[in-house]
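Okay, structure first, notes after.
In what follows, chains are A, B, ... by sequence order, proteins preceding strands, each numbered from 1.
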Number of protein chains: 2
Amino acid sequence: MAAGEIDHGSPTPVYRQIAALLIADIERGDLKVNRKIPSESDLVKRFGVARDTARNAVRHLREQGYVFTVPQRGTYVAQRPSTGGEAPDAAGPE
Amino acid sequence: MAAGEIDHGSPTPVYRQIAALLIADIERGDLKVNRKIPSESDLVKRFGVARDTARNAVRHLREQGYVFTVPQRGTYVAQRPSTGGEAPDAAGPE
DNA sequence: GGTTATTTGTTCGTATGTATC
DNA sequence: AGATACATACGAACAAATAAC
């Protein structure tokens with residue numbers, strides 16, 4: 001199913017389509033604040049795309065402020081003003 | 001600074017302008033023999049161009065004999081006849 | 001303590017499509 | 001028609017830090 005969610009023929013870049021799906025997951029609360037989103041490897045498998053494309057999607061989410069990445073650990077859902085999150089904790093995620 | 005060094009309105013292609021700047025760095029000794037030059041990614045950031053353009057600049061340098069590229073490693077300043085270098089070593093750079 | 005697996009970071013190679021000059 | 005430039009996408013390989021066992 002997941003792979004079918006991507007339309008390679010669409011004028012919308014694949015990485016944006018993936019980003020949109022992840023944003024939907026976040027807005028829906030499927031992906032919660034300070035919780036990890038799927039790894040690049042997961043996205044590659046789930047959407048059948050190249051890692052480059054998966055990384056582009058995550059980069060896009062980061063630029064939009066939806067997530068933040070901790071090197072060698074993963075990418076986490078950020079506290080968004082619209083979603084109403086607490087102040088950042090020094091302890092960090094997990 | 002860096003971005004200002006490129007003139008998109010110039011009749012000289014952007015990739016040649018970048019190549020010229022890198023050659024200047026080499027001639028000046030700012031970039032030394034067998035040392036890495038900035039990665040394509042670096043050039044993209046530094047000059048605000050597409051990767052394609054950065055690659056073209058490096059390709060140009062390679063064709064001129066100024067550098068040589070090791071896949072997945074980087075591009076290095078070559079020993080130039082004019083600069084007086086030894087014969088290539090099998091050990092490679094680094 | 002040490003080995004392995006995971007995960008992001010980095011780098012070059014290649015190809016396609018579009019737009020501009 | 002051709003060269004240049006940008007954006008996108010897939011591939012391949014290795015590094016480095018972290019986590020798991």
Side-chain angles (χ1 to χ4, degrees), chain A residues 2-22 31 34-64 66-78 91-94, chain B residues 2-22 31 34-64 66-78 91-94:
Chain A
E5 293 167 329
I6 298 302
D7 178 11
H8 283 265
S10 166
T12 303
V14 175
Y15 80 89
R16 278 181 190 274
Q17 294 181 46
I18 295 177
L21 290 170
L22 290 174
L31 293 175
N34 278 335
R35 298 286 289 172
K36 280 182 58 171
I37 69 171
S39 71
E40 294 171 357
S41 206
D42 287 337
L43 297 177
V44 166
K45 281 181 276 191
R46 171 165 155 198
F47 295 108
V49 298
R51 192 189 160 198
D52 179 74
T53 304
R55 276 178 72 76
N56 259 335
V58 175
R59 175 185 52 70
H60 191 68
L61 291 180
R62 200 161 40 229
E63 286 172 356
Q64 304 291 126
Y66 283 101
V67 302
F68 60 97
T69 297
V70 182
Q72 272 67 60
R73 290 189 104 229
T75 296
Y76 303 80
V77 177
E94 211 64 1
Chain B
E5 293 168 327
I6 298 301
D7 179 10
H8 283 267
S10 165
T12 303
V14 175
Y15 79 88
R16 279 180 188 274
Q17 293 180 47
I18 294 177
L21 289 170
L22 290 174
L31 294 175
N34 278 334
R35 299 286 290 172
K36 281 183 58 173
I37 70 170
S39 71
E40 294 172 358
S41 206
D42 286 337
L43 297 177
V44 165
K45 282 181 276 192
R46 171 167 155 196
F47 295 109
V49 297
R51 190 189 160 200
D52 181 73
T53 303
R55 274 181 70 74
N56 264 332
V58 175
R59 175 185 53 69
H60 192 67
L61 291 180
R62 201 160 40 229
E63 287 171 356
Q64 305 292 124
Y66 282 101
V67 301
F68 61 97
T69 297
V70 182
Q72 269 71 57
R73 291 225 160 267
T75 296
Y76 303 80
V77 178
E94 213 68 353

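When all heavy atoms are compared, the tightest approach of F68(A) to N34(A) is CZ-OD1, 3.7 Å. What you find for V58(A) and V67(A) is that their closest heavy atoms are O-CG2, 4.2 Å.
Residues satisfying the side-chain hydrogen bond (donor to acceptor under 3.5 Å, both in side chains) test with D52(A), not counting sequence neighbours, are none. In this structure, the side chain to side chain contact (heavy atoms under 4.5 Å, CB included) partners of P38(B), at least two apart in sequence or on a different chain, are L22(B), L31(B), D42(B), L43(B), R46(B). Residues passing the side chain to side chain contact (heavy atoms under 4.5 Å, CB included) test with Q64(B), sequence neighbours excluded: H60(B), Y66(B). Shown here are the side chain to side chain contact (heavy atoms under 4.5 Å, CB included) partners of R73(B), two or more places apart in sequence or in another chain: V70(B), Y76(B). Checked against side-chain hydrogen bond (donor to acceptor under 3.5 Å, both in side chains), R51(B) has the following partners two or more places apart in sequence or in another chain: E40(B). Contacts of T75(A) classified as side-chain hydrogen bond (donor to acceptor under 3.5 Å, both in side chains), with partners at least two apart in sequence or in another chain: T69(A). For R62(A), the salt bridge (Lys or Arg N to Asp or Glu O under 4.0 Å) criterion is met by no residue, not counting sequence neighbours.
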Please write out each protein N/O paired with an N/O of nucleotides 19-21 of chain C under 3.5 Å, distance rounded to 0.1 Å.
none

Distances under 3.5 Å between protein N/O atoms and the N/O atoms of nucleotides 5-7 of chain C, please, pair by pair.
none

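Listed by residue number, the members of residues 12-19 of chain B with any heavy atom below 4.0 angstrom from DNA chain C form an empty set. If you check residues 52-59 of chain A against DNA chain D, the residues with a heavy atom closer than 4.0 Å are D52(A), T53(A), listed by number.
Contact of the I18(B) side chain with the I6(B) side chain is registered, since non-hydrogen atoms from C-beta on lie closer than 4.5 Å. Counting only heavy atoms from C-beta outward, the side chains of F47(A) and T53(A) never approach each other to under 4.5 Å.
Judged by a 6.0 Å distance limit and a 45° cone about the ring axis, R59(A) is positioned over the six-membered ring of Y15(A).
With rounding to whole Å, I37(B) atom CD1 is found 12 Å from dT11(C) atom C1'. Rounded to a whole Å, the CZ atom of F47(A) is 16 Å from the C1' atom of dA9(D). One atom, CG of L43(B), and another, P of dA5(D), lie 14 Å apart when rounded to the nearest Å. Atom CZ of R62(B) is separated from atom C1' of dG13(C) by 10 Å (rounded to the nearest Å). Distance, R51(B) CZ to dT16(C) P: 16 Å, rounded to whole Å.
A distance-only check finds a donor-acceptor pair linking the side chain of Q17(B) to the backbone of T12(B) [under 3.5 Å].
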